[in-house]
Each structure stands twice: as structure tokens, then as C-alpha cells.
Amino acid sequence: MVPCIVYLADADAFRILWEMKMKKRQKCPSLPETVTELGTEEGSKVYIVGTAHFSDSSKQDVVKTIQEVQPDVVVVELCQYRVSMLKMDEETLLKEAKEINLEKLHQAIKQNGVMSGLMQMLLLKVSAHITEQLGMAPGGEFREAFKEASKVPFCKFHLGDRPIPVTFKRAIAALSFWQKVKLAWGLCSLSDPISEDDVEKCKQKDLLEQMMAEMIGEFPDLHRTIVSERDIYLTYMLKQAARKTELPRVSETEPRKSVPSIVVGVVGMGHVPGIEKNWNTDLNIQEIMSVPPPSTLNRIITFTAKVTFIGLVGYGCFCVGKRTVQLILSVPATQYCLQRLHEMGVWIF
């Protein structure tokens, strides 16, 4: 007997997939306590899952929320500079998070500039400290959101955080020289042990952000750039995602139809109050996307640090001879500094 194969037209396939999605979508979803519901004037609903970045419980909350509401859009607290973590396995991420080496420092400086790059590495040290203490890679809730979103028909996946170079550059510009030194010392001296119970206690406030808040509490301008401004940016991106969803069309001739959207936002618990506060406000993100030029003091410090480094290298070369000269000059960090000085018009030789 020859099996009967039924071919569906595109219109039928779209309709079946949409009906399956609507059937799975719960009218009165049973959601975790960590979920905050917001709405728009157009009737769209936004479910914000407040997470701890190092928590298995948060992963489960994200999975349950997406399965219950079958969203049209999922928005996560990531930017394009951190999107690679979505497709990396846990073991690789764990290894990457623990390793802070010269190559990473070089990339951070190249991407963000000297001062911002160094600040980024210090913040990575904080994350690496938690990773080492818990044996758990950060961002598990974002990877779960990515996986679950791919299972929901017609669901889009958006990156909702401000680009990290903008955040670091604005944060550095907000601090005086001595504030930078004091903050760097606080980050370098971090060594307190952390247990998994500590993480779950921080479900009321994300562990990483709580530790940062404790360290930057005496620097209001830093808190503004790292937390408050990102609250505004995340709110703006969530509201953009909550615009009406256009139903899938089979052809260009078919009339356009739109319905209120269902959005799931996955953000650190510390950002939820700020998002609620800004939700009914008209937001303009252009101001918080601008990067102020480095101050004269910053340029002098950067230039002095580079010249000092080159001077030390030169003195070492003079002392140890030609063979060692060739070895030192082959080091990537030396080549990078020489190149930057050349670009600034400083001739060494």
C-alpha cells in the first residue's frame, strides 16, 4: 500500500502553526514569583523575568514563563558584544570566564580604549571570582531564553542592552582620577567566598549587581551610568518590542493584520524596579548613547603610561642585549603599544 502524502500550502502551514501557538498560550498563565507583568496602551503584555545571573532557579523561571505565554518577542539583557555566549556550551563558557589573560586585555583595550578596557577587565575579574566560587558560568538564563524562543512559532529574539563599550566609556568619563583608583582597588581586592545559598538569597537583587552596587555605592555618577541609564535603555527596547505584532502573510497581496504583542523580557533582578519606574515615561535614548570625549587629564595619564612602558622596555633592552631585544619586541603587548604611539605621532626610533 502506497502511503498518502499530504502537501500543505503555505497559507495552511502558517495557519496551523499560529493556531498551535495560540492553543499553547495560557490566558491566565501560572508564572513564577520573579515575573513582573506590564502592559501598553495598545493591549500588548510584557512579562519581565527578574533573574540572578548565576542561578539554576532563574533558568527554570525563564523556561516556564516562555512556555506558558508563548511570546511573540523575547528580549534579553545582552548586547551584540556579548551575544557569543548564547551559542557556547557551559563547559567552554566556564573556562572562558575563569581565564583573564593578556590577549583578553589587549582586545578590551583595543575595543574600549585604555581606561575603559582596564575597567572592563576588572569587572570581568568580579564575574570570574563568582564563577570560580560557584563553578557555574554566567548568563545561563539567557541561553535558556534563546533555546526556548526558537521552539515558539514566529517568535523573535531581541538584544535589549546598551552596547558595553558605550557603558564603560560613559562610566569612566563620570569618575575623577582618584575615584577610578579607589574603584579599581575595590575590584582588585574582592575575595569574599560566595555560596549557592547566597545566590538564591539574592533573588531579590541580582548577586553580581548587588556586589557592584556595594562597591560603587559611594560613586553616584557610576551607579547612574552602569545601572540607571541601562534601566532606561532596557525599558525603551522592551517598549519597542511590545509594539503590535504583524501576523505572518503568505504573499505580498494579502492584507496586513496586526495584534497586540506578548513579550518576555529576561533581565537582572536589579533592573526590574528601574524598568517599572520608567515604563510610563516618554524615553529618549540618544543622550545616554553619546560617548563624551576623554578629558585632558585622561589623555595625559594614558600617554604617560604608554611612554613609561616603552621607557622600561627600552631600558631592559639596553641592559640585556640584542637577542633579548628581539624577543621583547615580538611580544604582542609591546607591538600594540608601539603601534598606538605611532598612530599618536610619537616617534620612538
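Numbers here simply count residues along the sequence, with the first being 1.
- Legend: residues meeting side-chain hydrogen bond (donor to acceptor under 3.5 Å, both in side chains) with Ser261, ordered by chain and number and at least two apart, are Thr245.
- Put simply, CG on Leu234 and CD1 on Ile285 are 10.5 Å apart, with the number rounded to the nearest 0.5 Å.
- Leu31 has its side chain within reach of Glu68: a pair of non-hydrogen atoms, C-beta onward, lies under 4.5 Å apart.
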Check residues 273-284 and write down every donor-acceptor pair under 3.5 Å in which the side-chain atom is one partner and the other belongs to a residue at least two apart or another chain.
residue: Asn278; atom: ND2; partner: Gly274; partner atom: O; Å: 2.8
residue: Trp279; atom: NE1; partner: Gly39; partner atom: O; Å: 2.8
residue: Asn284; atom: OD1; partner: Gln286; partner atom: N; Å: 3.0

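- Within the 4.5 Å cutoff, the side chain of Pro71 has no heavy atoms near those of the Tyr47 side chain.
- The number of heavy atoms from other shown groups lying within 6.0 Å of CD (Glu287) does not exceed 12.
- Here the shortest heavy-atom pairing between Thr40 and Ala242 reads CG2-CB, 3.8 Å.
- Under a hydrophobic clustering in which Ile, Leu, Val, Met, Phe, Trp and Tyr are joined whenever their side-chain heavy atoms come within less than 4.5 Å, directly or via other members, Val267 and Val63 fall into different clusters.
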Any chance you could lay out the side-chain contact (heavy atoms from CB on, under 4.5 Å) test for Met85 and Arg143, step after step, and finish with the verdict? CA-CA 7 Å; Met85 72 158 55; Arg143 290 188 290 281; 4.1 Å; yes
Given side-chain contact (heavy atoms from CB on, under 4.5 Å), test Val83 with Leu78 step by step and report yes or no. CA-CA 7 Å; Val83 71; Leu78 288 176; 5.7 Å; no
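- In this structure, CD1 in Ile164 is found 9.5 Å from CD1 in Ile226, a value given to the nearest 0.5 Å.
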Donor-acceptor list for residues 153-163 side chains, cut-off 3.5 Å, not counting sequence neighbours:
residue: Asp161; atom: OD1; partner: Arg230; partner atom: NE; Å: 3.1
residue: Asp161; atom: OD2; partner: Arg82; partner atom: NH2; Å: 2.5
residue: Asp161; atom: OD2; partner: Arg230; partner atom: NE; Å: 3.4
residue: Asp161; atom: OD2; partner: Arg230; partner atom: NH2; Å: 2.8
residue: Arg162; atom: NE; partner: Thr167; partner atom: OG1; Å: 3.0
residue: Arg162; atom: NH1; partner: Glu229; partner atom: OE1; Å: 2.7
residue: Arg162; atom: NH1; partner: Ile288; partner atom: O; Å: 2.7
residue: Arg162; atom: NH2; partner: Thr167; partner atom: OG1; Å: 3.3
residue: Arg162; atom: NH2; partner: Thr225; partner atom: O; Å: 2.7
residue: Arg162; atom: NH2; partner: Glu229; partner atom: OE1; Å: 3.3

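- Between Val266 and Phe142 there is a side-chain heavy-atom pair separated by less than 4.5 Å.
- From Thr51, atom OG1 reaches atom CD of Glu77 across 7.0 Å, with rounding to the nearest 0.5 Å.
- With a 4.5 Å cut-off on side-chain heavy atoms, Ser228 and His223 count as touching.
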Could you please spell out the steps behind the salt bridge (charged side-chain N to carboxylate O under 4.0 Å, His left out) verdict for Asp72 and Lys45? CA-CA 10 Å; Asp72 302 303; Lys45 292 184 179 180; over 6 Å; no
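- Not one N or O on the side chain of Ser55 forms a donor-acceptor pair closer than 3.5 Å with the backbone of Ala52.
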Just do the side-chain contact (heavy atoms from CB on, under 4.5 Å) check on Val49 and Glu141 with the steps written out, would you? CA-CA 10 Å; Val49 188; Glu141 74 273 33; over 6 Å; no
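- Ion pair Glu144/Lys59 not flagged as a salt bridge, since none of the NZ, NE, NH1 or NH2 atoms sits closer than 4.0 Å to an Asp/Glu carboxylate oxygen.
- Val259 has its side chain out of reach of Lys244: every pair of non-hydrogen atoms, C-beta onward, lies at least 4.5 Å apart.
- Contact of the Val46 side chain with the Val75 side chain is not registered, since no non-hydrogen atoms from C-beta on lie closer than 4.5 Å.
- For the atom pair CZ of Phe146 and NZ of Lys151, the computed distance is 12.0 Å after rounding to the nearest 0.5 Å.
- Put simply, the side chain of Arg170 gets close to the backbone of Ser290: a donor and an acceptor are under 3.5 Å apart.
- Contact check for Ile262 versus Gln70: no side-chain heavy atoms found under the 4.5 Å cut-off.
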Before you tell me yes or no, could you show the steps for Met22 and Arg25 under side-chain contact (heavy atoms from CB on, under 4.5 Å), namely the whole-Å CA-CA distance, both residues' side-chain angles and the distance that decides it to 0.1 Å? CA-CA 5 Å; Met22 293 299 103; Arg25 179 178 287 175; 3.4 Å; yes
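- Annotation for Val272 and Gly50: closest pair CG2-CA, 3.9 Å, computed over non-hydrogen atoms.
- Annotation: side chain of Ile66 is in contact with side chain of Val74 (closest heavy-atom distance under 4.5 Å).
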